[in-house]
Amino acid sequence: MVEIDYSVYLVTGRNFLPPGKDYLDSLEESLQGGVTVVQVREKDADTGEFIEIARKSKEVCDKYNVPLIINDRVDVALVVGAAGLHIGQDDMDIAQARKLLPPGTIIGVSCNKIEELEAAVKAGADYVGIGTVWPTQTKDVAHRIIGPRGIGERLKVLDGTGVKAVAIGGIKSTNLWRTLHGGVTTTGSALDGVAVVSEIMGSPEPKSAAEKLSSIVKAFKKEHARVTELRASQRLTKESIIGQVAELVKKIRDVNPLVHQITNHVVATQSANVTLAIGASPIMATEPAEMEDLSKIANALLVNIGTMVSSGVEGARLAGVCANKYRKPIVFDPVGVGASAFRRNNANGFLNQWQASIIKGNAGELAALAGTTEVLSKGVDSVGSGFKDPVSFVRNLARKERCVIVLTGHTDYISDGNTVVSLSNGHPALGQITGSGCILGSCLASYCATALQGKEVDLQGPIVDDTSFVAAIAGTLVLTVAAEIATKKDEFKGPGTFLSVLIDTLSTLKAEDIVENAKLTIH
Ligand code: 3NM
Ligand code: MG
């Protein structure tokens, strides 16, 4: 059996060529650009024509030592001596195809539902195509869209089976890192590659289109291996974490990062004031037309859905897409996400479009986001005492959402999917004013921005930076330690004075205050 490199899997289709582009030229250029496997897909050709195209395609692929796979037609695969056959759910089944094809022929199957993956594994598929990831014009598959967050749970079915996987549907160089990052399972397995039609076939320059995809897949695989290795060996200590937090608390006043905040009208003013007090600069903007410009200059983005209305959804969507594009960290605060279908749909829509670096919420919100009923909410508030096992909950949700999770409550839990820390700082006064969770979002975004200052950022590289974890701890500690100090001051008389004393305290808070007061446990 041929060893196939699935990294950049081209699916052909002559009807997607740009006007005037010759099919075989396009194919050859794409191979020069780094396509690693080719599937000839001819939905309208008669048998003779299909064989002719497949034969010519194989000649070109042979020149580059790239295996050729035939879509759907066993007879065509046999006649041209293809390395493999790709079948859909409505085609001949794997067992039937195996009987007809020479031993060692690769067989791949398109899968959309978990059951289809399970069946493909059982039937002995060599690889699966998981889709449809993004909306696409190429095939009528709108009903199959799983989003980048739908890849992981499907890919997990393949753990331990040796079956390979590519993702397919609407994949472009612009969403490729997002797709690969989002497509990692909670067990840490990643896709073997991605399959595309239009991104290469539809391009007047298929070589450069293939090169872009190829370099991103290579960079992602390298980064994924680095992170996996780091996590296996990393043993964070309380001292090292608090030391890094202290550095951030000093650094923020020197670098004064610009933090773009799309938040709710209940807390906008206090969020902007808290941002200033800790040493960052807020810009509160919601207009879609300025999102691209703002994401170039802002150092982080906060999206809070607290009072979002329909007309605000597009601005927040676009802000996140641009933040990913310019590699600016996003903090997402799904306020009251359990309260209505509108909030749920918006939160899921955003998370399927862009990759957050941190998601923060109370137990009710994160339970709703994770789809569990273990903790319920009343409006924007959480009901009851929280999760039975918050440590596992945040670790698993971080693995699932591929970012840092901050679970707020009497004790706050923070995880990057590997380490979990809990913080037991804070004061009941935080619960007696509105929006203390929302101002935490501003703090998280401000420290994410700070952590990245001075670090070289690759616009074709990681979307979630390692520094988000410590930044999340920093933001949470700063607010909760400041609350403890503020409530000891004479000026503090109750909820009315609390906010102003808190802002005063934040504005003078020192790294030493954090080092002295932090109550942090590593789990
Ligand atoms: N199969 P593009 S989506 C051929 O979901 C195909 O199984 C799909 O084309 C599936 O890269 C698709 O142009 C079309 O979006 C992919
Ligand atoms: Mg707390």
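One is the number of the first residue; the rest follow in order along the sequence. Counting starts at 1 for both ligands and their atoms, following the listed order.
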Residue and atom name of the nearest protein heavy atom (relative to atom 2 (P) of ligand 1), distance in Å to one decimal: T138 OG1, 3.5 Å
Short N/O distance, under 3.5 Å, between R41 and ligand 1? no
When you measure from the side chain of K328 to the backbone N and O of K296, does any donor-acceptor pair fall under 3.5 Å? yes
For the atom pair CG (L302) and CG (N304), what is the distance rounded to the nearest 0.5 Å? 6.0 Å
Looking only at protein heavy atoms, which one is nearest to atom 7 (O) of ligand 1, and what is the separation? R144 NH2, 3.0 Å
Examine distances only and state if a side-chain atom of R73 and a backbone atom of T47 form a donor-acceptor pair shorter than 3.5 Å. no
For ligand 1, which atoms sit closer than 4.0 Å to a heavy atom of S198? 2 (P), 11 (O), 13 (O)
For ligand 1, indicate whether the residue M201 contacts it via side chain, backbone, both or neither (heavy-atom separation under 4.0 Å). neither
Suppose we measure from atom 11 (O) of ligand 1 to each protein heavy atom; which comes out shortest, and what is that distance? V197 N, 2.9 Å
Go through the steps to decide whether S189 and D159 satisfy the test side-chain hydrogen bond (donor to acceptor under 3.5 Å, both in side chains), and finish with yes or no. CA-CA 7 Å; S189 327; D159 271 355; 2.5 Å; yes
If you measure from each heavy atom of G170 to ligand 1, is any distance below 4.0 Å? yes
Considering distance alone, does some N or O of K172 sit under 3.5 Å from an N or O of ligand 1? no
Select one of side chain, backbone, both or neither to describe which atoms of T132 lie under 4.0 Å from any atom of ligand 1, heavy atoms only. both
Using a strict threshold of under 4.0 Å (side-chain N to carboxylate O), is an ion pair present between R98 and D126? yes
pair F332-L351: side-chain heavy atoms closer than 4.5 Å: yes
Does the pair K400/E153 count as a salt bridge with the N-to-O cut at 4.0 Å? no
Does V11 have a non-hydrogen atom less than 4.0 Å from ligand 1? no
Has T36 got a side-chain atom pairing as donor or acceptor with D5's backbone, closer than 3.5 angstrom? yes
Heavy-atom contacts with G131 under 4.0 Å: which atoms of ligand 1 show up? List them by number with element. 5 (O)
